[in-house]
Amino acid sequence: MLKLLSSSSCLPSRLHSRAASAVRTGSSDSTVPLLRVLNSLTGFTGKSLNLGRRAFFCSDSSDGSEQVVEIDVKGSESGAESKSSSASVPMNPRPEEYLTELGSEIQDSGVTVFSVPILTSPTSNSFGIPLAIELIEKQHWSELKAHVQDSSATTLLHQLFNSEADPEFILRYFNWSQKQFNVSHTLELTCRLLHSLANVKKYSKIRSFLDGFVKKTEKHSTSSIFHMLSMSSNQFCSNSIIIDMLLLAYVQNSKIQLAFEVFDRAGDYGFKLSALSCNPLLCALVKENRVGDVEYVYKEMIKRRIRINLFTFNIVINGLCKVGKLNKAKDVIGDLKVWGFSPNVVTYNTLINGYCKMGRSGKMYKADAILKEMVENKICLNEITYNILIDGFCKDENVSAAMTLFKEMRKQGLKPNVITYNSLINGLCNDGKLNEACCMRDEMLSLDLKPNIVTYNALINGFCKKKMIKEATKLIDDVRNQGLAANVITYNTLIDAYCKDRKMEKAFELHGLMLERRVSPDASTYNCLIAGLCRQGNMETARKLLEEMLDKGLKADLITYNILVDALCRKGESRKATRLLNEMLKMGLSPSHLTYNMLMDGYCREGNLRAALNVRAQMEKEGKHANIVTYNVLINGYSKRGKLEEANMLLNELLERGLIPNRTTYELVREEMMEKGFIPDIEGHLYNVSCSH
DNA sequence: GATCCGTGTG
């Protein structure tokens, strides 16, 4: 009734070759229990062809050994027997039932999908399942190998699933056979394995299995995994746990996009995830600056009633703070209180850090307000709190305030660490206090706190800012003597200093040195060098360097293009710069306000106001609105050409748009205005005296 | 079983 296909002239050519190989691989004693066939029906993506009374099923086996069987739909035993070379199939209980289902499924649609593994009959040789299990248990692999060949590896796996074998042994065999025969078992079998492990609560085994699974597998789409998993068991709880672990495995293997997809689809399937996996996902999204996705996951977690905890809130707050969404971060603090949590030291540290990193003046005042709230709520400051504040004050150019905190920190019995010192050294260096900065480094050494590369980079930067590049370069030797290695930031700092000092040979020397020492230059390295060459007007070499950069697989970024656009515009070659702008857009890079403004300025200086306006139109088309610099550039362009009416119109336009003119805005027009009898009124609007009379 | 802090450049 069911038999191996021996040969067939009616198969389409594509299938024919598969059939031929099936004949070679399938031994003549292979049989296909109907139960297996039916099991396979539940889920598979392959193809079947309905050819009258017979259907040919082509297995989707990923190991390359295609197996084809022929099924007589009508179930006529005699008809099947007419093909003498096919093997007969032992009948399972109530075969008629299966055949009826099978037949109708095939006849209903021209394309039905399922796989048909071919099993070697266990009775066909002396090797039985109990022996196999024993060998697997004892891990006598070489002995097992004597009994299992390429073609029967999957067969045995099926038999193990059907036996009462310990899922852990099945797992062992699963892994061994994949490695041994260099095959990947099908997704269907993988899901069966996961479910059998979940049934006996072997979660750590599932975890490590999934780790391997996500490491090598790129071929299974998220949707096929979900589909197959839910097809192979309707145990909702197991499915949720498996998916939860899969999500975590993706995150731990830095496959964040896949993890995100799993999170999303778990919602469609209604699988319940845990904070154990969702929190790391959130963390990864924060690290990748995908704040929109962070907000989405957070909202979904609440909607799906995932048991969120304080970690969840803190991670989300950090994500929001990182991109300056301080108000939203405060909203989340409100949320966490509603959920019955209280902000802890990490919550406050995160928020304080958020304010410290904000570019605005008075940021430390805001940070201080949070600090007060923290103290009121009896949350003790820790080392990190102090480090954040010390760094914040240093960046706010208030090193003395930072030093006060430094002292207070120690008075509180908290130990400053490398980060504390690095912040202070950096602050002192930026303040030009190199001696004090060096003293701090010595203090570190005396306290047995090892300065690291960050420490030295701060010092090197300090020397560079003071144009003491020779001294700065010497520090590279110090770095080596301390057993440290200069990194890309070290080299970039020095290269940039030499470029600014117009010592391009020296800069390229360092570039060579970093290559020699196997420190890979990054886009910034090239940007520094390209900017240096542009400053010298050496556009040709700059172009060449850009090509070298691209050849190395580094991507030219916004900065690279801005450097080049700026240089071309300064040279009066705005047209060439426009070509670069289009190149950027083609590369999917979004030009910044600066890019457009430089271009407009270039055209204005060339007297091509029409071209400048075209740039502005393009800018608006790309969704970037003119800012105050844009207006200043255009106003300057018009007033320099004596077109005061237009300049005046632009000034009114910017006021109408709610932009705030700055000093430059007025200075650009004032002189000419006065000369020509225009006077600016108190509010900045201009009117023509001669017209008003 | 995890969340918060430090370096450079256009």
Side-chain angles (χ1 to χ4, degrees), chain A residues 207 248 251-252 274-284 286-287 308-319 321-322 329 336 343-354 356-357 374 381-392 394-395 402 409 416-427 429-430 451-462 464-465 472 479 484 486-500 507 521-535 556-567 592 594:
Chain A
R207 227 170 266 138
L248 186 62
V251 175
Q252 287 171 341
S274 72
L276 195 73
S277 65
C278 294
N279 286 354
L281 171 64
L282 281 170
C283 271
V286 169
K287 282 207 184 91
I308 42 182
N309 55 27
L310 191 52
F311 285 94
T312 316
F313 291 108
N314 286 345
I315 296 163
V316 173
I317 291 168
N318 187 36
C321 284
K322 263 184 115 180
L336 74 86
N344 65 3
V345 62
V346 177
T347 321
Y348 283 113
N349 285 350
T350 309
L351 204 61
I352 292 172
N353 190 44
C356 286
K357 294 284 142 32
M374 179 176 177
L381 321 201
N382 63 14
E383 283 93 344
I384 297 180
T385 324
Y386 278 102
N387 285 349
I388 291 167
L389 290 166
I390 286 170
D391 192 62
C394 284
K395 296 268 158 65
M409 174 181 190
N417 62 13
V418 185
I419 297 181
T420 326
Y421 276 96
N422 285 349
S423 290
L424 283 166
I425 289 173
N426 191 43
C429 282
N430 284 328
N452 60 16
I453 189 61
V454 180
T455 322
Y456 281 99
N457 285 345
L459 287 168
I460 289 173
N461 183 43
C464 286
K465 286 245 164 79
V479 168
L484 298 167
N487 64 13
V488 65
I489 296 180
T490 324
Y491 287 106
N492 288 353
T493 309
L494 286 163
I495 288 175
D496 191 59
Y498 277 122
C499 286
K500 284 196 176 123
D522 60 10
S524 307
T525 319
Y526 282 97
N527 287 346
C528 292
L529 289 166
I530 291 171
L533 291 167
C534 286
R535 266 183 223 114
D557 58 15
L558 178 66
I559 310 293
T560 323
Y561 280 102
N562 282 351
I563 292 166
L564 293 168
V565 166
D566 180 45
S592 61
L594 182 63

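Below, chains carry the letters A, B, ... as their sequence lines are ordered, and counting in each starts from 1. What you see below is based on every heavy atom in this structure, not just the backbone, and it leaves out hydrogens, waters and symmetry mates. Here the structure is a predicted model, which means the values were calculated and not measured.
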K.L.:
How many Å lie between CG on A:L276 and P on B:dT3, as a whole number?
P.N.:
13 Å
K.L.:
Looking for any heavy atom pair under 4.0 Å, which part of the strands does A:N452 touch: base, sugar-phosphate only, or nothing?
P.N.:
base
K.L.:
Could you tell me whether A:N318 contacts a base, only the sugar-phosphate backbone, or nothing, with contacts defined as non-hydrogen atoms closer than 4.0 Å?
P.N.:
sugar-phosphate
K.L.:
Closer than 4.0 Å, any side-chain N/O of A:N353 to the OP1 or OP2 of B:dC4?
P.N.:
no
K.L.:
So, does A:N426 get its side chain near the phosphate of B:dG8, meaning an N or O under 4.0 Å from OP1 or OP2?
P.N.:
yes
K.L.:
Determine the contact category for A:K357: base if any of its heavy atoms lies under 4.0 Å from a base atom, sugar-phosphate if only primed atoms, P, OP1 or OP2 are that close, otherwise nothing.
P.N.:
sugar-phosphate
K.L.:
Residues in side-chain hydrogen bond (donor to acceptor under 3.5 Å, both in side chains) with A:N426, at least two apart?
P.N.:
none
K.L.:
Counting side-chain heavy atoms from C-beta on, which of B:dT3, B:dG6, B:dG8 comes nearest to A:C283?
P.N.:
B:dT3
K.L.:
Among the nucleotides B:dT7, B:dC4, B:dG1, which one has an atom lying closest to any side-chain atom of A:N279?
P.N.:
B:dG1
K.L.:
Would you mind telling me which of B:dT3, B:dT9, B:dT7 lies closest to the side-chain atoms of A:V346?
P.N.:
B:dT3
K.L.:
Can you confirm whether the side chains of A:N279 and A:N309 place a donor and an acceptor under 3.5 Å from each other?
P.N.:
yes
K.L.:
With respect to the side chain of A:N461, which nucleotide from B:dT9, B:dT3, B:dC5 is positioned closest?
P.N.:
B:dT9
K.L.:
For the pair made of CD1 in A:I388 and P in B:dC4, what is the distance, rounded to whole Å?
P.N.:
10 Å
K.L.:
Could you check whether A:S423 gets within reach of a base, just the sugar-phosphate, or nothing at all, counting any heavy atom under 4.0 Å?
P.N.:
sugar-phosphate
K.L.:
A:L351 has an atom CG; how far is it from atom C1' of B:dT3, in whole Å?
P.N.:
14 Å
K.L.:
Contact class for A:V418 vs. all strands (heavy atom < 4.0 Å): base, sugar-phosphate, or nothing?
P.N.:
base
K.L.:
Partners of A:N344 by side chain to side chain contact (heavy atoms under 4.5 Å, CB included), sequence neighbours excluded?
P.N.:
A:L310, A:N314, A:V346, A:T347
K.L.:
Under 4.0 Å, heavy atoms only, any strand: does A:I384 hit a base, just the sugar-phosphate, or nothing?
P.N.:
base
K.L.:
Starting at CG of A:N387 and ending at P of B:dT3, how long is that distance when rounded to a whole Å?
P.N.:
17 Å
K.L.:
I need the minimum non-hydrogen distance between A:A497 and A:C464, along with the two atoms involved.
P.N.:
CB-SG, 3.6 Å
K.L.:
Atom CD1 of A:I495 and atom C1' of B:dT7: how far apart are they, to the nearest Å?
P.N.:
16 Å
K.L.:
Using whole Å, report how far OH of A:Y348 lies from P of B:dT3.
P.N.:
21 Å
K.L.:
Rounded to whole angstrom units, what separation is found between the CD1 atom of A:I489 and the P atom of B:dG6?
P.N.:
12 Å
K.L.:
For B:dT9, does OP1 or OP2 lie under 4.0 Å from any side-chain N or O of A:K465?
P.N.:
yes
K.L.:
Answer with yes or no whether the side chains of A:N353 and A:D391 bring together a donor and an acceptor at under 3.5 Å.
P.N.:
no
K.L.:
Calculate, to the nearest 0.5 Å, the distance between atoms CD1 and CG belonging to A:I559 and A:L564 respectively.
P.N.:
11.5 Å
K.L.:
Among B:dG8, B:dT9, B:dA2, which is the nearest nucleotide to the side chain of A:D496?
P.N.:
B:dT9
K.L.:
Just by distance, with hydrogens left out, do A:N527 and A:S524 show a side-chain donor and acceptor under 3.5 Å apart?
P.N.:
no
K.L.:
In whole Å, what is the span from the CD1 atom of A:I317 to the P atom of B:dC5?
P.N.:
13 Å
K.L.:
Can you check whether any acceptor in the base of B:dA2 is under 3.5 Å from a donor in the side chain of A:N314, or vice versa?
P.N.:
no
K.L.:
For A:D566, answer base if it contacts any base atom (sugar-phosphate contacts may also be present), sugar-phosphate if it contacts only those atoms, and nothing otherwise; contact means non-hydrogen atoms under 4.0 Å.
P.N.:
nothing
K.L.:
Among B:dT9, B:dA2, B:dC4, which nucleotide has an atom closest to any side-chain atom of A:N349?
P.N.:
B:dC4
K.L.:
On a plain distance test, is the side chain of A:N457 in donor-acceptor contact with the base of B:dT7 below 3.5 Å?
P.N.:
yes
K.L.:
Heavy atoms from C-beta onward define the side chain here; which of B:dG6, B:dT9, B:dG8 lies closest to that of A:D391?
P.N.:
B:dG6
K.L.:
Heavy atoms under 4.0 Å, any strand shown: does A:K395 hit a base, just sugar-phosphate, or nothing?
P.N.:
sugar-phosphate
